[in-house]
Amino acid sequence: FVTIETTYFGTLSNLSSEFDLKKRNEAIRMIDSARKSQQISANEPASFVTISAYNIKFIKRLNPENLILRIPMEQIK
């Protein structure tokens, strides 16, 4: 598995699986909208992303036992 240090800002729940990330302006608009509605925050502490054959996990850096988000690989399209 791979571990990368990163910052976790939040989850965009209204993002469809067909969303084209190449549409930069639309992506920025969605992020700005989520920040205004406080769905995501720019004040989250540093975290780690761990990628394995089974899942992707976001874990807080200061307390590794405090799991932020786990996404099983079968849910990723």
Side-chain angles (χ1 to χ4, degrees):
F1 71 91
V2 176
T3 300
I4 303 167
E5 186 168 356
T6 186
T7 301
Y8 178 81
F9 293 110
T11 304
L12 295 176
S13 58
N14 58 346
L15 190 64
S16 97
S17 61
E18 290 91 32
F19 181 74
D20 183 7
L21 289 174
K22 294 177 185 173
K23 295 180 180 176
R24 185 176 185 272
N25 289 339
E26 188 174 345
I28 291 171
R29 183 183 53 77
M30 290 181 74
I31 292 168
D32 285 344
S33 176
R35 285 182 72 191
K36 287 177 185 173
S37 67
Q38 297 181 346
Q39 183 180 355
I40 61 174
S41 169
N43 299 322
E44 290 292 324
S47 60
F48 291 104
V49 175
T50 302
I51 303 170
S52 73
Y54 306 104
N55 57 50
I56 296 175
K57 293 189 291 188
F58 292 87
I59 304 166
K60 288 189 179 180
R61 181 176 182 215
L62 300 176
N63 185 0
E65 295 190 13
N66 194 353
L67 181 68
I68 299 171
L69 179 67
R70 179 187 315 232
I71 305 169
M73 285 299 184
E74 61 264 11
Q75 290 184 1
I76 299 173
K77 296 179 183 179

Taking M73 as the starting point, is it possible to reach L69 by hopping between hydrophobic residues whose side chains are less than 4.5 Å apart?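 In one cluster with L69: M73, yes.
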Is it true that I71 and I68 fall in one hydrophobic cluster, defined by side-chain heavy atoms closer than 4.5 Å?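 In one cluster: yes.
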V49 versus F58, closest heavy-atom pair with distance: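 Taking V49 first and F58 second, the nearest heavy atoms are CG2-CE2, 3.3 Å.
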Closest heavy-atom pair and its distance - T50, I59: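 Smallest interatomic distance, heavy atoms only, reads OG1-CD1, 4.0 Å.
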Check side chain to side chain contact (heavy atoms under 4.5 Å, CB included) between [X] and all other residues, then give those that pass, not counting sequence neighbours.
X	result
I31	L12, R35, I40
R29	E26
S33	none

CD1 on I56 to CZ on R70, rounded to 0.5 Å: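 The CD1 atom of I56 is 12.0 Å from CZ of R70, to the nearest 0.5 Å.
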To the nearest 0.5 Å, what is the distance between CD1 (I51) and NZ (K57)?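 Reported to 0.5 Å precision, the distance equals 12.0 Å.
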